[in-house]
Amino acid sequence: MSQLEHTSAQYRSLRLSAIGRDLVGLVSQAEANDLSHLSFAQMLAEHEIAERTRSRISRHHRQAGLPLDKHLEDFDYRHQTTITKRQVNALLDFGFIDNRENVVFIGPPGVGKTHLAIGIGQKAIQAGYKVLFRTALDLVEDLELAEMKGQLKKRISQLAKFDMLIIDELGYLPMTAQARFNLFQLVNALYEYRSIILTTNKDFTDWGEFFHHDNVAIPIIDRVIHHSNIFMLGGESYRLKQKTSS
Ligand code: ADP
Ligand code: MG
């Protein structure tokens, strides 16, 4: 075994896998640049750290379950004029996640709510946060399944490991009383602890009706909108615009 192979194996056994894998290249780069011993030592550490960051972010991407690849860069603010680029960009320092605040996008279909939610989610992942995307329907099913197995609490605490939950399309389809109760349990667990991005077609004034005025309606609304950035989106459906202009 060459000295290089031996040393690579040692790095791997120390779980410095990026250094172990890339040692040849790192050594030749150091030689080519005539690096000092200290600079080389630093280069190895930085390489391992950068690789770990990259693999953590790509793991977070996989875990997030974003349904589509939507980017904020592709969002057209000339079409959607009820929110400004400045307002969206202001969210991207992720103070809202650090402060456990929520973001709510309210508006009719096709105005870009899901696009914005996914785009912000992508940026949050890039910035190192753990994000989970679920449609309200999937989330409710998920909770229902857990509840039937007597594992609602456990499931909620798993969900609360994410820094931010994106709950898409609340209000489109009716929910059972049990589903509303489960959702309340979740929202309650996340309140002032984690962030939610919620998209909905229902104005808050319609939420009482959506939740059948049962005793979870007010507490859910209360917890979601307390400490939250609310954006009322309007305008024409982007889908419609694409149809008519093509
Ligand atoms: P909503 O969730 O409000 O129903 P979506 O975010 O799903 O709407 O938008 C519908 C489609 O139109 C998506 O493909 C989305 O990428 C696109 N879209 C909506 N608004 C814009 C916009 N302002 N700029 C670029 N694409 C948009
Ligand atoms: Mg949507």
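Start at 1 and go down the list; that is how both ligands and their atoms are numbered. Computation of the quantities below employed the complete heavy-atom set of this structure, encompassing side-chain atoms and omitting hydrogens, waters and symmetry-equivalent molecules.
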>> Measuring from atom 16 (O) of ligand 1, which candidate in His71, His115, His79 has the nearest non-hydrogen atom?
In response: His115
> Where is the tightest heavy-atom contact between Val104 and Ser228, given as atom of each residue plus distance?
Replying inline: CG2-OG, 4.3 Å
> Which ligand 1 atoms are under 4.0 Å away from a heavy-atom of Asp74?
Replying inline: 24 (N), 25 (C)
>> Taking 4.0 angstrom as the limit and counting only heavy atoms of Gln80, give me the atoms of ligand 1 inside it, by number and element.
In response: 23 (N)
> Looking only at non-hydrogen atoms, which of Leu72, Asp69, Thr114 approaches atom 2 (O) of ligand 1 most closely?
Replying inline: Thr114
> Numbering the atoms of ligand 1 from 1, which are under 4.0 Å from a heavy atom of Pro109?
Replying inline: 4 (O)
> Who's the nearest protein heavy-atom neighbour of atom 24 (N) of ligand 1, and how far?
Replying inline: Asp76 N, 2.7 Å
>> Can you report which non-hydrogen protein atom sits closest to atom 19 (C) of ligand 1, along with the distance?
In response: Tyr238 CB, 3.2 Å
Determine all donor-acceptor pairs shorter than 3.5 Å in which one atom belongs to a side chain in residues 62-70; sequence neighbours excluded.
residue, atom, partner, partner atom, Å
Asp69, OD1, Gln122, NE2, 3.1
Asp69, OD2, His71, NE2, 3.4

> Quick one: nearest non-hydrogen protein atom to atom 7 (O) of ligand 1, plus distance?
Replying inline: Arg239 NH2, 3.2 Å
>> For the backbone of Asp168 and the side chain of Thr135, can you confirm whether one donor and one acceptor N or O come within less than 3.5 Å of each other?
In response: no
>> Per the side-chain hydrogen bond (donor to acceptor under 3.5 Å, both in side chains) rule, what does the pair list look like for residues 153-165, sequence neighbours excluded?
In response: Asp142-Arg155, Arg155-Gln158
> With atoms numbered from 1 as shown, which atoms in ligand 1 lie under 4.0 angstrom from a non-hydrogen atom of Lys70?
Replying inline: 13 (C), 14 (O), 15 (C), 16 (O)
> Taking both backbone and side-chain atoms of Lys113, is any N or O found less than 3.5 Å from an N or O belonging to ligand 1?
Replying inline: yes
> Any donor-acceptor pair under 3.5 Å linking the side chain of Lys123 with the backbone of Leu92?
Replying inline: no
> Which residue holds the protein heavy atom closest to atom 8 (O) of ligand 1, what is that atom called, and what is the gap in Å?
Replying inline: Gly112 N, 3.2 Å
>> Could you identify the single nearest non-hydrogen protein atom to atom 4 (O) of ligand 1 and state the distance to 0.1 Å?
In response: Gly110 N, 2.7 Å
>> If you take the centroid of each ring, where Trp contributes its six-membered ring, are Trp207 and Phe210 closer together than 6.0 Å?
In response: no
> Any nitrogen or oxygen of Phe75, main chain or side chain, under 3.5 Å from a nitrogen or oxygen of ligand 1?
Replying inline: no
> Do the side chain of Gln151 and the main chain of Ala146 share a donor and acceptor less than 3.5 angstrom apart?
Replying inline: no
> Under 3.5 Å, is there a donor-acceptor pair between the side chain of Gln80 and the main chain of Gly234?
Replying inline: yes
>> Using side chain to side chain donor-acceptor pair (under 3.5 Å), reason through Asn102 and Tyr191 one step at a time and then give a plain yes or no.
In response: CA-CA 9 Å; Asn102 301 326; Tyr191 177 63; over 6 Å; no
> Does the shortest distance from the Mg ion (ligand 2) to an N/O/S atom of Thr199 fall below 2.8 Å?
Replying inline: no
